[in-house]
**Student:** 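What follows is a structure written as C-alpha cells; I'll ask about it next.
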Amino acid sequence: MFIINCPYCGEREQSEFKAGGEAHIVRPKQPTELSDDEWAEYLFMRKNIKGIQLERWVHIHGCRKWFNMVRDTSNDQIHAVYKMGEKPPIK
Amino acid sequence: MKNKYSIFSLIKNAFTNHENWQRAWRDPEPKKEYDAVIIGGGGHGLATAYYLAKKHQMNNIAVVEKGWIGGGNTGRNTTIIRSNYLWDASAGLYDHALKLWEGLSQELNYNVMFSQRGVMNLAHNLQDVRDLKRRTHANRLNGIDAVWLSTNQVKKFCPIINTSQDIRYPVLGGTLQKRAGTARHDAVAWGYARGADEMGVDIIQNCEVKGIKRVGNKIEGLETTKGFIKTKKVGVVAAGHSSVIADMAGLRLPLESKPLQALVSEPVKPIIDTVVMSNAVHAYVSQSDKGELVIGAGTDDYVSYSQKGSHEIVEGTLQAILELYPIFSRMRMLRQWGGIVDICPDASPIISKTSIEGLYFNCGWGTGGFKATPGSGDLFAHTIANNEPHKLNAAFNINRFVSGDLVDEHGAAAVAH
Amino acid sequence: MLKYTTSINDTKIFDNLKIFETSPIMKLIVRGKSREFISSVGKSLNILLPNEPNTSSSGANVTALWLSPDEWIIYANEINSDDSNSYIIESELINKISNTGLGAITDVTDQFVMLNLTGEKIYDLFMKGSPFNFNEFKKKKGAVTQTIINKIDVIIHNKNDAEVNLFVRRSFSNHLWSWLNDSARFI
Amino acid sequence: MSDNLRTSASKFIDQTTRVSFKFDGKTYFGFKGDTLASALLANNVHLVGRSFKYHRPRGIMTSGSEEPNAIIQINKNSSVTEPNVRATEVEIYDGLEASSQNCWPSVNFDIGGINNILSPLLPAGFYYKTFMWPASFWEKYEYFIRKSAGLGQSPTEPDPDIYDHNYVHCDVLIIGGGISGIMAAKISAENNFKTLLLEEKPNLGGTTIYQKNDYFKINDQYSSEWLEKEIDQIKNLKNLEIKTRTSVAAYHGYNYLLARENLTDHLPIEKKQNTIRQRLLKIRAKKVITATGSIERPLIFDNNDRPGIMLSSAIKKYADFYGVACGKENVLFTNNDTAYETAISLNNKGVKVNAIVDIREENKSDLTNEINNAGIKIYNSYTVINTKGYKKINKITIMKLSKDGKTVTDSKVDIKCDCLGVSGGWTPAVHLFTQSGGKLKFDDNDNIFIPNKYPSDQLSIGSCNGNLELEDIISNINVSLKNFLKIDKTNFEKLKINSSKSISKRNIWLLPSNKTVSKTKAFVDFQNDATAKDIKLALREGFRSIEHVKRYTTTGMGTDQGKLGNMNALGIISDTSNVKMSDLGTTTFRPPYTPLTFGTIVGRNVGEFFDTFRKTPMHDWHVQYKAKFENVGQWKRAWYYPKGNESMHDAVQRESKAAREGAGILDASTLGKIDIQGSDASEFLNRVYTNAWSKLAVGKCRYGLMLNEDGMVYDDGVTTRLSENHYIMTTTTGGAANVLGKLEDYLQTEWPELDVYLTSVTDHYATASVCGPNSKKIISKIIPNLDLSDESFPHMSFKNAKIGNIKCRVMRISFTGEQSYEINIQANYGKSLWEKCMEAGNEFNITPYGTETMHLLRAEKGFIIVGQDTDATLTPIDLQMDWIVSKKKYDFIGKRSLYRSDTIRDDRKQLVGILTDDPNEVLEEGAQIVADTSKKPVEMLGHITSSYFSPNLNKSIALGVVKGGKNMMGQKLFVPMKDKIINVKIADPVFLDKENKRLNA
C-alpha cells in the first residue's frame, strides 16, 4: 500500500485514494468534429507505460480533490504529485 | 515421438533410474530468419506456435520469451476453466477452447490434469439473479451446459457454502457448468512447448525483444537481446507487456495493465471438490490436487508492472471467503503473489491483425485468459497463417473500439474471471 | 407536530472512553474560492475560516473545519431546539454568500451525525479501523482530518485533549456505532 | 518410549509446573515453557509424522518456524481443530491434544508407506507423464491422488475465536529480538525514536540467551549473561514497545508490514474464551531494521531424513534452553564450527557424543581443542554415505572424501547413534528483505546470499546481513546504525569481545557416496520429498530456470516454503549445470514468511461487519411492520410488506392495486441527492445530461438521462430548479456515489472554469413518496396551507413548505404514473413524517409499498430502471428515448459516441414491450427472445429485462431488448425455455394510461 502525498492534505495512506488512469488526456473541445478513429484514440487508447507514468488520482476519502502523480509503474515508486492544471515537474 | 510418455515409459525408465529421459524441449540459439516469430512464451504463445506448426505447417518459427516459459500469468493464475459466457462471440470463443481442453492431455501426450469438477457462479442480489439467469438461457441456446441452481441446489452441490439467508449478502442461487473445471497451469505451458519443439519450433528463453524493425508498413524483424531476428510475421502474446511491445511498433492499444493477486492455503485433505465463483462479493475458490485452497483476488485500480498488489485486495477477498465459508477461518495462507493483467475497456480480448502488415496481437485477456489458452492459440495461429481472422475470433478485432461494436462482458456480467 | 428522531440517541461508557451523539447541531457546508468570500464568511460568523489544511477555527457560536481548499463544514457550538430547522446563521450566509454569487451554502445538519468521544482510549479505538496516523494529530488541539474508520468516511475534529467530535453520514452511523462499540470491548 | 531425556534444569523451563498433553491419543507430561517438540523429545518421541509423497517416517528436525517434518494437527473439536501446525512452535498447555497427519491407520504403521517401495515409479513430475489413458479416467485417478495428497484436516465447523486488527505507526520497527535486535532497539529508543521491537518466539535473546561457552564472551561475561542485563534494561525504555510471540508475515512497499500477534494459543483452554486469539498489526514504519537471524542448513546425503536426524543447532537449543537431550548416543556431522559448540554443550551436560564427522580436512580453532580434551573423536575429511533405522536412526556409515570432494575413498566405518546432528552452514533469513523488493548478492566465501540494494529506508543487521560471528555482528551494528539513524555514537562501542573464529571452510552441496546419485534418496526438500536426483532429473529434462526446477520438483513449495531446502537446491543446480550461484539467483520469496491464519487477515470484518450497511430514517418503522428487505448497493431497502403469511407475489399484487386505487407510500430516501449551486449550474447540467436545461423554469422538475463518454446509459433521475442558480439532482440509489464522483471529476479536470459547487445531501433528507388517486387529499391533510391545485402545483413542479415549524420540499413527480407527491424533509423528522402520512392516509387505505411493487408500477408505465433494463451496452436511442437526446446541444457527455458506425446502426437491440399470448404466463427475467427456433444454434435477438403480472391490467407484462425491435411492433416471437416455448409479441412498452390522465387527475 502506497503512501500518497495529497497536494492539499499531505501524506495519507493509499486506501484514502482512488486511481483515475493516464493523465493529460484532454477531452476534445469539439468532439463532433472528430473522426471515429480520433474519438476512439481519446476514448480508449492508452499509453499504459512501463516506467515513469503521469496519472490521475483523487483523494476520494479526504478532500475529494483530483490531482496528478508521477509514478514509476515498474516499481511503484512515486516521484512527485502536482495539482490539476499544473505542468508536470520535469523528470 | 522421441520419448512418448506413458506408464510403460515410466516403468522402462525406472530400470535405468530415470537417467535416460530426453529433454522436454531444446534450448536453441535463434536462427537468422524465421517465417514467423511469436513474442511471449506463455501458454497462449506456445499454443499459438504449436498450432501454427501442427495445423498450418509453419515449422520454421520461433517463440521468444524474455524470461522462462510459463513464468507469467500462465504460472500465476487460479486455473479456472469455463465457457458459460453471455455473448455469442464469447461463448463461441471459450467453448471452442473448452472442447480443445477436453482432449488436450492426449493431444499433447502430457497430462495437463484438466479436471471437469464443475464451476458454480453465485448470485447475491436480485440483479445477480437476473444476470445469471440471462446467461444460462443464452448458454443453453448456444449449446453450453450451464444450468440455474436454487439456493438449496447450491448447498447440495457444495455443502460447505454458508447459504443462510441472514448473512449480509445471502446466496440467492447460482449457475453450474459441469464441463467446466481446472487444469495444472505449468503443465499446459510445458506440454505445448514440448509438442511445438517436437515439430521443430525454436523456443528461445531469456531472449527479450528490444525493438521491432519495419520498412514502411511491413514488419522486417525483431531486435532482441540475442541479436536481430529476421521475420515477416510477428505474433505478440505478451499479456501485461503488450503495450510495451506495441509502443515499439508505434501502436497504441486500448489496454491498461493492472496487478491481479492470488493466494493458496496450506494443503489439506479434500474439503471442496468444485470451483465456486462469486463476482458480487469477490471470492473465487477451488482446491488443487496438492490440497491447497486456490483463491483468486481482484485487481487494483492503478497501472503497475511491479507484480505486486495491495494487501487490502487480499484482505477483502478473504473477508468474502470467510463470509461464504466460515469453516476456513483457521486455515492459513501459505503463499500470495501478483501478476500483471492487461484489461480491455469491454473486458474482452483482442485477437487481431493490426494496421501494420505482418503484426498481430493477442491480448486483453484481463483476469480470465488461462481458460482460453488452447482456443486462443488455435485461432491466433489461424489469423497469422491466413492473415485473416477465423470466424470465431472475428468479433475480437481491434477495430471494434473505433466502430463501437464492443463485446461488453463487463457491462453485462461484472468481472470476467 | 413532527417528532425528532436521531439516528443513535444513545450513550456508551467504557473504561477511559465515553461516546454519545450530540444533537440537534446545525451543520453547514460552505463552499467558495475568492478572498472576498473568505472575508464575507468571516464577518458574518466573526471567525476566520481556516485556510491551513487539516485545521479548524472556533468562534463564540460556531466552529469551522477545513475540508478542502474551497470547502468547510461549520457546526454550532451549542445544540439548538428540535422544533425548528431554520437557522439565523444559515439565512445570513445564504444572503451574504449564495445570493451574491460568492459561493455556496448547504444545510447538512442531518447529513452528518456528530459523535462526541472523550477519554484516554479514543485513539486506541480509532487504531483498530483507521489507517490514519494519529501520532501527531492527537497532540494538536484543533486538528482536523477526513479519513476512514472501518471503511466508513469520517471527519474527526480534535476538540481538546482526550476529546474529539466525529462526523459520519447518517445512513452509515448505525453501522459505525455498533462497530465502535464492538471494538471498545478490546481496548 | 517413556524414558525421560530431561537432563539438566533450565531457567527457561518451569520444572515446578507439570503440563499434561496428548499426542496420538497417548498422554505425556512436559513442563511450562516447553514446546510440543521439546516435550516430545524429552519423552524420547522422535517419530511424529509421515512425508508428503513417500510417507517416510519423519521426526522433529529443527527448533523453530523452519520445521519441515513435525507438522501436526491440533485439537479434535471440529470447529477449532487446526492442520499443519509446527510442533516446534506450539507451546504446550494442559489439555493440549495433538496428532500426526498424513498417515493411516497410524504414524507407526502407515499404509501409505507403500509409496516408498513404489518410489522408483514416482520420480519428479511423474504425474505429467501418465494417468492419461483412458482419457475419461483422469477424474478417477485424480480422486485417489487428492485423497493421498493434502496434509492435515480442515475444520468443518465455524471458528468460535475472535481476531482483531491494529494500525501501528512508528519511527523505527525492529524485526527480531536476538542480540542484534536488542542492541538496535536500545540505540534507537535512547535516541528518541518511537521504536517497536517484534520477536516471533515467546522470549527475547535468540540463540545468544542460552550461550554459555568460554569462547564467546562480552566484557568477560558469558554472552548470555551480558545479554540478559541488556534485556532487563531495555524493558524500561519509554520510547520502546516490545511484542513477543509476534511474527512479521509480510514486508510490502513503503515500509508497510504485516505482523501476527499471537495472544492466546499458548494459554490453557479456559483462558482462551471470549478474547482475541490473534491480532494483525498493520505497521507503517519510517525506518525498518531487519534482524531476523539465520537458519542452519542440513547436509545432503543418502537417507538424510530419518527420525533422529536433526539440525545441530536444534540439538543445542533443546539441550541448553529446554534441558532436553535429543539422544543418548549423539553424533554430529558438519562442515563448520557450530556443531562443535553443540558437542561442547552436550558434553558439559554429560550427554554422550560418540563422534564428530567433519568434511573439512582440518580445523584450527579453540573449539577443536576443547573437543579433543573431552576425548570426542573427530573424523576430518569424512562424509556420511548412508544411515540406518526405519523409524529412528540407529547407525551411520561414513567414508573418506577425495581431495576434490567429488568421490569417497577407503573403507566404510560404521558409527552407532540414536541422534545425528547435521550442520551445513548458515543461511541468512533474507525473506522479508527480498519481499520488500530488496536485491541480493552472493558471497562466495560463506556461500550465502546477502542484502545488497535496499528499496526503502531499511537496514539489515546481524546474521541476516551475513555477519555470522559475534565480533562482526557487533562492530557492524556500531557502524551501520550510526549512519542509518544519523547519530554520532552508539551504546556499544567499547565492548570487550572474545569469540572463537571458524577459520577453515569447505562446502559441498551434494555429498558424494559410493552409490550413483540416481540410486540414492538424498532429501533436499524434506516435506515435499524432493531429492537431489529429482533436481538432476529436472535439469536433464531441460528445466533450466530455477523457477522451472522448483515447480517441476516442488522443491521449496511445502509449508516451510523452502527455508531449509532452497539453498541446497540452488547449490546442486549450480554444480550440475555449471552456472555460478550469483548468475542463478534465488526463487522469489513470497509473503507470508510463515503461514498466516485467514481469520487473522480478516479480523473482525466478519458477520455483521463483513460489509457496511446503510439505513434510512424510516428503517425502524419498516422493521416494525415486518418488511422484507432487499440489498441495493450497501442500502437496506424495504422490498415488500407481507401481511400475516402472505406470499411475496400476493403482497406485491395487493400493494400495486392499492397504489393505483387508493394510495401508496414509498420510502425513497435512498435515492442520491446532489445539491448543485453556482452561476454556471444550468450550463453544467447541459453538459452532463442528454437534454437541455437552460430553459427549465424555477420551481420546475425535469427528468434527465446521463451517459458514459462511450454513449451508454449511465444513470437517470429527476432534477429540480430551486432557484436561478440552485438545483437539486436525484440519482439512482446504487449510482449516487459514482455519479457525484464522475461529476466532480469533470468539474475539476475538464471544466474548472465553471462556477459550480456540488454537495451530497443524500443523508440530509428523508423522502416519503405518496402516490395514488388520494395522494392529494393526504398531502393536504398534512400540509393544510399548501396550495395543491393543478394550476399552481402541476405535475413536474416543486414547492417549499412547512410542517409545523419544519421546512420541507414537496416535489410533484411520479415514477408510478399515478398522481404523486414526494416530501423531502430533514432526516431526523423522516420517521415522524412517515407516521403522519400513514395516519392521514388511513381513511384512504394508504398502503406502504416496497421496491418490488415500485418496479412493477413503473413497468406498467414503461419507465426504465437503469441497471435492470440497461446493462452498459444500450444508448438512449436503443431505449427508444430519442426524445430526451437534444439535437440542438453542441455537446454533452457521450454525445460523440452515439454517432459511431456501429452505434448508429438500426439493427441494434432496442427496448420494447413484450406481451405473452397467454395473459397468465409471466416470463422469466433474463429469458432469451428468438424469431426462429428451428436452426441451431438459435439466433438470439435479445432478452427479457423486466417481467411482472400486472394486477391493474390483469395480465402479464414485460419489457425486453430485441434486435431491431422498434420496427417490429406487433411481430410474433418466441421465448424458448428449458421445457417449453412461449409465444410472445412485441408491444408498446407503455402498457397503462398512455395519455397520462392519471398523473393530472
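In what follows, chains carry the letters A, B, and so on, assigned in the order in which the sequence lines appear, proteins first and then strands, with residues in each chain numbered from 1.
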**Student:** At a heavy-atom separation under 4.5 Å, does Leu258(D) approach chain B through its side chain, its backbone, both, or neither?
**Tutor:** side chain

**Student:** Ignoring hydrogens and geometry, is there a side-chain-to-backbone donor-acceptor pair from Lys269(B) to Gln153(D) under 3.5 Å?
**Tutor:** no

**Student:** Under 4.5 Å heavy-atom distance to chain D, tell me which part of Val147(B) shows up: side chain, backbone, both or neither.
**Tutor:** side chain

**Student:** Within the 4.5 Å heavy-atom criterion, are His185(B) and Arg551(D) side-chain neighbours or not?
**Tutor:** yes

**Student:** Determine the option with the most heavy-atom pairs under 4.5 angstrom with chain D, choosing from Leu126(B), Asp289(B), Ile167(B), Asp273(B).
**Tutor:** Asp289(B)

**Student:** So which part of Phe609(D) gets closer than 4.5 Å to some heavy atom of chain B, the side chain, the backbone, both or neither?
**Tutor:** neither

**Student:** Minimum heavy-atom separation for Ile601(D) to Glu315(B), with atom names?
**Tutor:** O-CG, 3.4 Å

**Student:** For Lys628(D), I'd like to know if atom NZ has over 12 heavy atoms of other residues, nucleotides or ligands within 6.0 Å.
**Tutor:** no

**Student:** Quick one: closest heavy-atom pair of Ala149(D) and Lys290(B), and the distance?
**Tutor:** CB-O, 3.8 Å

**Student:** As a test of understanding, state which of Asp159(D), Thr597(D), Thr600(D) forms a side-chain hydrogen bond (donor to acceptor under 3.5 Å, both in side chains) with Arg330(B).
**Tutor:** Asp159(D)

**Student:** Nearest 0.5 Å, what's the OG1-CG distance between Thr933(D) and Leu141(B)?
**Tutor:** 10.0 Å

**Student:** Between Trp133(D) and Ser6(B), is any pair of side-chain heavy atoms under 4.5 Å apart?
**Tutor:** no

**Student:** With respect to chain D, which residue among Gly404(B), Ala14(B), Ser403(B) yields the maximal number of heavy-atom pairs within a distance under 4.5 Å?
**Tutor:** Ser403(B)

**Student:** Which value, rounded to the nearest 0.5 Å, describes the distance between Gln928(D) atom CD and Thr136(B) atom OG1?
**Tutor:** 9.0 Å

**Student:** Quick check: closest heavy atoms across Pro595(D) and Arg332(B), and the distance to 0.1 Å?
**Tutor:** O-CD, 3.6 Å

**Student:** Below 4.5 Å from any heavy atom of chain B, which atoms of Met977(D) appear? Answer side chain, backbone, both or neither.
**Tutor:** both

**Student:** For Tyr143(D), look at atom OH and say whether over 12 heavy atoms of other residues, nucleotides or ligands are found less than 6.0 Å away.
**Tutor:** no

**Student:** List the atom of Arg168(B), the atom of Thr612(D), and the distance in Å for their closest heavy-atom pair.
**Tutor:** NH2-O, 2.7 Å

**Student:** Taking the side chain as every heavy atom from C-beta outward, state whether Ser518(D) and Thr16(B) have any atom pair closer than 4.5 Å.
**Tutor:** no

**Student:** Mind listing the closest non-hydrogen atom pair of Met333(B) and Pro592(D) along with its distance?
**Tutor:** O-CG, 3.3 Å

**Student:** Indicate yes or no: at least one non-hydrogen side-chain atom of Thr516(D) is less than 4.5 angstrom from one of Glu19(B).
**Tutor:** yes

**Student:** Which one of Ile69(B), Asn13(B), Asn206(B) has the most heavy-atom pairs closer than 4.5 Å to chain D?
**Tutor:** Ile69(B)

**Student:** What residue in Asp186(B), Leu293(B), Ile7(B), Asn125(B) has the most heavy-atom pairs under 4.5 Å with chain D?
**Tutor:** Asp186(B)

**Student:** For Asn84(D) and Val268(B), indicate whether the former's side chain and the latter's backbone hold a donor-acceptor pair under 3.5 Å.
**Tutor:** no

**Student:** Which pair of non-hydrogen atoms, one from Phe610(D) and one from Tyr169(B), has the smallest distance, and what is that distance?
**Tutor:** CE2-CD1, 3.7 Å

**Student:** Considering only heavy atoms, which portion of Asp560(D) lies under 4.5 Å from any heavy atom of chain B: side chain, backbone, both, or neither?
**Tutor:** neither

**Student:** Using non-hydrogen atoms and a 4.5 Å limit, figure out which bit of Asp88(B) sits close to chain D: side chain, backbone, both or neither.
**Tutor:** side chain

**Student:** How many angstroms lie between atom NE2 of His311(B) and atom CG of Leu257(D), to the nearest 0.5 angstrom?
**Tutor:** 11.5 Å

**Student:** Can the positive tip of Lys978(D) be found less than 6.0 Å from the middle of the six-membered ring of Trp148(B), inside 45° of the ring normal?
**Tutor:** no

**Student:** Keeping the roles fixed (side chain from Arg544(D), backbone from Gln205(B)), state whether a donor-acceptor pair exists under 3.5 Å.
**Tutor:** no

**Student:** Are the side chains of Glu266(B) and Leu151(D) in touch, meaning some heavy atoms are under 4.5 Å apart?
**Tutor:** no

**Student:** Examine whether an atom of Gln165(B) lies under 4.5 Å from a heavy atom of chain D, and if so say whether it belongs to the side chain, the backbone or both; otherwise answer neither.
**Tutor:** neither

**Student:** Tell me, do Pro267(B) and Thr559(D) make a side-chain contact under 4.5 Å, heavy atoms counted?
**Tutor:** yes

**Student:** Roughly how far, to the nearest 0.5 Å, is the OG atom of Ser436(D) from the NZ atom of Lys308(B)?
**Tutor:** 7.5 Å

**Student:** Kindly say whether Met132(D) contributes a backbone atom to a donor-acceptor pair with the side chain of Gln106(B) at under 3.5 angstrom?
**Tutor:** yes

**Student:** Nearest 0.5 angstrom please: Leu539(D) CG to Arg23(B) CZ, how far?
**Tutor:** 9.5 Å

**Student:** Would a distance-only check, ignoring hydrogens and angles, find a side-chain to backbone donor-acceptor pair under 3.5 Å from Arg140(B) to Pro976(D)?
**Tutor:** yes

**Student:** Closer than 4.0 angstrom, basic N to acidic O: yes or no for Asp902(D) and Arg400(B)?
**Tutor:** no

**Student:** Determine, for Arg134(B) against Asp871(D), whether the closest basic-nitrogen to carboxylate-oxygen distance falls under 4.0 angstrom.
**Tutor:** yes

**Student:** Tell me whether the rings of Phe543(D) and Trp190(B) are parallel (<30°), tilted (30 to 60°) or perpendicular (>60°).
**Tutor:** perpendicular

**Student:** Please determine, among Ala187(B), Gly143(B), Ala138(B), the option with the most heavy-atom pairs under 4.5 Å with chain D.
**Tutor:** Ala138(B)

**Student:** Quick one: do His943(D) and His137(B) satisfy side chain to side chain contact (heavy atoms under 4.5 Å, CB included)? Show the steps, please.
**Tutor:** CA-CA 9 Å; His943(D) 73 286; His137(B) 282 294; over 6 Å; no

**Student:** Do any N or O atoms from the side chain of Arg540(D) and from the backbone of His18(B) form a donor-acceptor pair under 3.5 angstrom?
**Tutor:** yes

**Student:** Is Tyr256(D) in contact with chain B via its backbone, its side chain, both, or neither, using a 4.5 Å heavy-atom distance?
**Tutor:** side chain

**Student:** Against chain B, work out which of His548(D), Arg900(D), Glu925(D) has the most heavy-atom pairs shorter than 4.5 Å and name it.
**Tutor:** His548(D)

**Student:** Just give me the residue among Pro937(D), Ser897(D), Ser154(D) that pairs up with chain B most often, heavy atom to heavy atom, under 4.5 Å.
**Tutor:** Ser154(D)

**Student:** Side chains of Thr873(D) and Trp87(B): does their closest heavy-atom pair fall under 4.5 Å?
**Tutor:** yes

**Student:** May I ask you to test the Phe598(D)-Ile295(B) pair for a side-chain heavy-atom distance under 4.5 Å?
**Tutor:** yes

**Student:** Say you draw a straight line from CD of Glu157(D) to OG of Ser329(B); how long is it, rounded to the nearest 0.5 Å?
**Tutor:** 13.0 Å

**Student:** Mind ranking Arg184(B), Met113(B), Gln127(B) by heavy-atom pairs under 4.5 Å with chain D and telling me who comes out on top?
**Tutor:** Met113(B)

